[in-house]
Structures are given as structure tokens and as C-alpha cells.
There are 2 protein chains.
Amino acid sequence: MSLRHAVLGLIVELDGASGYDLMKLFEISLANVWTATQSQVYGELAKLTADGLIEVAAEGPRGRKEYRATDAGREELRRWLVEEQPRPARRDGVLLKVFFLGQLEPGRARAYLRDSAALMGERRDGLAALQEEVTWGDDNLSLYGRLTLEYGRRFFEMRKEWAEWAEAELARHAAPPEDADHA
Amino acid sequence: MSLRHAVLGLIVELDGASGYDLMKLFEISLANVWTATQSQVYGELAKLTADGLIEVAAEGPRGRKEYRATDAGREELRRWLVEEQPRPARRDGVLLKVFFLGQLEPGRARAYLRDSAALMGERRDGLAALQEEVTWGDDNLSLYGRLTLEYGRRFFEMRKEWAEWAEAELARHAAPPEDADHA
DNA sequence: AATTGACATGTCAAAACTGGAAGGTCTAGA
DNA sequence: TCTAGACCTTCCAGTTTTGACATGTCAATT
């Protein structure tokens, strides 16, 4: 149940936020960390309220509801942070395709990896640009947000290099093998 | 719907497999690529059969059912491989915690990153050992499986280095800042 | 005055996933 | 002979996620 803590965590750190605020944060700040749809965010907000971990602190102009964490909520966040974590389930659609790339013609398989490398490069550049652009504050959200952004950059960089390596590996297999003492 | 194609893909590549066979492959071969529980595997097998993408080719000794892909199944796998892929949803429980690590005392936050780095190192070593141990055949499953295994190794390596970097970054913030022209 | 677009929430059905429980078969070794 | 362990399948209840649809407010532009 991590969505719960993602929502709770944001409310604690921001010291008050609306569902709409959270949605935007999920789209931007948490994009590479945890995704959530709008219906999930509002649903979780309702559940957290029912469980007494957050409460509506104020109601704004357009039906806006400003949520704030209760003491129980802050406690629950800490509990979760310290808690042992089960092995995360890794699921990766791109990797899954690579696993079955043998069903495609060698040329197509290599093209897939080339495209993938290019895409990863773009994403890496996007995050790198973000890192340069954004002026960071001094608060915790900034500090730890910076760490996760750097993670994203490294992640895409790694993926790009791996895809390039894999493509070369495929090329090596497609080409007639040459002896080491050749050339 | 990637589980569907993971199951279908394995059946195509193995040219026949039982639910039990697939489960083991999900535990070992696909562990870093796509996870599935036993109930998911058997459920998907039933659905794929109903949709005519696979069929029971033979029944073995212990109630074992050997599934094989139909032509429609092989076609569907190819279609999926070539198809455009939507942006994958990235979800990472460890990263999520890092994002909110500001709620913990600095010492605990750093300890979390240190532990994380150590764990990632272990996993990397585990995969590296696997790479050495396993004798690979010449079939497609081996070739592409090798690529994904190497991915896993690089992934954990990257994470380890990142966690170490992040820990150092936190240390830098905790310590009184010194001038560049000091020392 | 009308329109566009950002702001803002609520609800729902369907699909996917989790974490079991339950039951049966065959093989090798004590 | 017994029994532990690998083999093998089926079913299910509960939770999470997806991908909409529906509704309305307010501010600025045309």
C-alpha cells in the first residue's frame, strides 16, 4: 500500500494540499517515482480522511478542499518509513519485449533496441535539463526531490547504455563469427 | 496487458509448456523483468485458451497440461512486439521512501541509504554470479535472456552507486559547509 | 456576452494483482 | 511401507489500478 503513503507524505511535507495539488505533483515531481491517476488520488484522500490520518483543514473557492495531516497521519508516515519493505515487484514492458525479441527478424530486433536507446537518451536529456532549470529551495522536499531526480537521470542513462550494448551484442551474433587471432 | 504476452511469449519460445513450467520461469528467468503469481499464470492460461491463442497439446502424468501456441497466438505475439508501447508506469517503493526521507532524522535517513546501497550491491553480485554460473545454450531464449540478465546487473549496480552518492550528498548537507578555498 | 481553459471534485465498472487455501500425483529414499 | 518433497492444477476473496464519464466554478480573452 504505497499510494496511501505517497499521498500522505506529500500532504505532510507540503503542510496542506488539495487533491488537485497532489495530482500535479504526481505528474511532475513523482513522475519517475510513483504514478497515480486522479481517481486514485481522490479515492485515497477519502480513505485517509475516514481513517483519521488527514483532515479537511479549509475549503477554498472552487470547491477546493485543503487537506492537512493529523498527528496520527504523521505518525503513520514515520512508521511506514522505518518499516521493513517487501521485495519490490519489478515489471518492465520494454525489457519484456527484449526478452521475446527473438521472435522478430534480427534487423527488427536491432532496430527496436536502437529506438529504445534513442528514447532513453531523450528522457535522460529531459531530466538533465530539468535539473539545470529548476531553482531549488532549501526545504526537505527540495533536497530529497533532487536526489530522486538525479536517480531518474542515472536510470535513463543506464538504460541508454544498456540498449546500445545489447544492440552491439546482437550485431556480434548476426555477423559471421571471426577468430580472435584473425585481422 | 503484458502478463498475457509474457505467458504467450514463453509458450511460443519453449514450443510447449505447462503452467508449472511457466511459474518456474517467472521465478527465475523473468524475475527481473516481469513478476507473476501462480494464480495469475493459471488464470491467464485459461483466458489465452478461451481466446484461441494457445491450446492444450498434450496431457501429462500428474494432471499436467502441455500448452502450445496456435497460429493466432504466434501472430498476436508478433503484433504485440511491433506495436507502439504506451509510457510505462514507473513505481518504486524504495525511491518513494527516499522522497520522504526528510521526515526522518538525518542519521536515520543516511542509514536507510547506506542499507539500500548494501542491498543493491548484494543483488548485483547475485546476478553477476548467475551470469558466470549458467551455461548458455544457443537458442533465442538464451541470447535474449542473457541481455536481460545483464540489464539486471547494471540496474543494481546503478542503484548502488546512486544510493552511495545520495548518502554522500546528505552528509554534505548535514556537515557545516566549508569554503572551496579552505583546507 | 460567449468561449476557452485552468481549477476542482466525485464516481464507477472492468481489469489486474495479491495471497492464500485446497487437493491430487508421482518418485526416491529412510 | 511410509513419507517427504517435488510436481501440478483449480479456485477465490479482497485489494489496487486503469480509464473513463460526469459535474461544476472561476478568470481571462475574444
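These numbers come from a predicted model, not from an experiment. Residue numbers start from 1 in every chain, and the chains themselves are labelled A, B, ... in the order their sequence lines are given, proteins ahead of strands.
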Trainee: Please work out if A/Leu3 contacts a base, only the sugar-phosphate, or nothing of the nucleic acid, heavy-atom cut-off 4.0 Å.
Mentor: sugar-phosphate
Trainee: Listing time: all N or O pairs from protein to nucleotides 13-15 of chain D that are below 3.5 Å?
Mentor:
none

Trainee: May I ask you to verify if any side-chain N or O of B/Lys47 is less than 4.0 angstrom from the OP1 or OP2 atom of C/dA16?
Mentor: yes
Trainee: Please check if any side-chain donor atom of A/Thr35 sits under 3.5 Å from a side-chain acceptor atom of B/Arg90, or the reverse.
Mentor: no
Trainee: Quick check on DNA chain C: between A/Gln40 and A/Lys24, whose nearest nucleotide comes earlier from the 5' end?
Mentor: A/Lys24
Trainee: Within the structure shown, what part of the strands sits under 4.0 Å from B/Arg4 by heavy-atom distance: base, sugar-phosphate, or nothing?
Mentor: nothing
Trainee: Does some side-chain heavy atom of B/Leu25 sit less than 4.5 Å from a side-chain heavy atom of B/Leu30?
Mentor: no
Trainee: Can you tell me how far P of D/dC8 sits from CZ of B/Phe26, to the nearest Å?
Mentor: 17 Å
Trainee: Does atom CD of A/Gln85 have more than 12 heavy-atom neighbours, drawn from other residues, nucleotides or ligands, at distances under 6.0 Å?
Mentor: yes
Trainee: Quick test of your reading: applying ring-ring contact (aromatic ring centres under 6.0 Å, His included), list the pairs with at least one residue in residues 46-65 of chain B, sequence neighbours left out, ordered by first then second residue.
Mentor: none
Trainee: From C-beta outward on B/Asp21, which listed nucleotide comes closest to its side chain: C/dG19, D/dC8, D/dT18?
Mentor: D/dC8
Trainee: Of the options D/dC11, D/dT9, D/dT17, whose atoms approach the side-chain atoms of B/Ser39 most closely?
Mentor: D/dC11
Trainee: Does any part of the side chain of A/Arg123, heavy atoms only, come nearer than 4.5 Å to the side chain of A/Leu127, both counted from C-beta?
Mentor: no
Trainee: What does nucleotides 22-28 of chain D look like as a protein-contact string, B for base, S for sugar-phosphate only, - for none, at under 4.0 angstrom between heavy atoms?
Mentor: ---BB--
Trainee: With respect to the phosphate group of C/dC7, does any side-chain polar atom (N or O) of A/Tyr20 fall under 4.0 Å of OP1 or OP2?
Mentor: yes
Trainee: Taking CD from B/Glu44 and P from D/dT10, how many angstroms apart are they, rounded to a whole number?
Mentor: 14 Å
Trainee: For B/Glu75, is there an ion pair with B/Arg78 - N to carboxylate O distance below 4.0 angstrom?
Mentor: no
Trainee: Please check if the number of heavy atoms outside A/Arg87 that lie under 6.0 Å from its CZ is greater than 12.
Mentor: no
Trainee: Can you say whether the rings of B/Trp80 and B/His5 are parallel (under 30°), tilted (30 to 60°) or perpendicular (over 60°)?
Mentor: parallel
Trainee: If you draw a 6.0 Å radius around CD in A/Glu132, do more than 12 non-hydrogen atoms from other residues or ligands fall strictly inside?
Mentor: no
Trainee: I want to confirm an ordering. Mapping A/Ser2 and B/Tyr42 to their closest nucleotides on DNA chain D, which one lands closer to the 5' end?
Mentor: B/Tyr42
Trainee: Report which part of the nucleic acid B/Ser18 touches: base, sugar-phosphate, or nothing (heavy-atom distance under 4.0 Å, all strands).
Mentor: sugar-phosphate
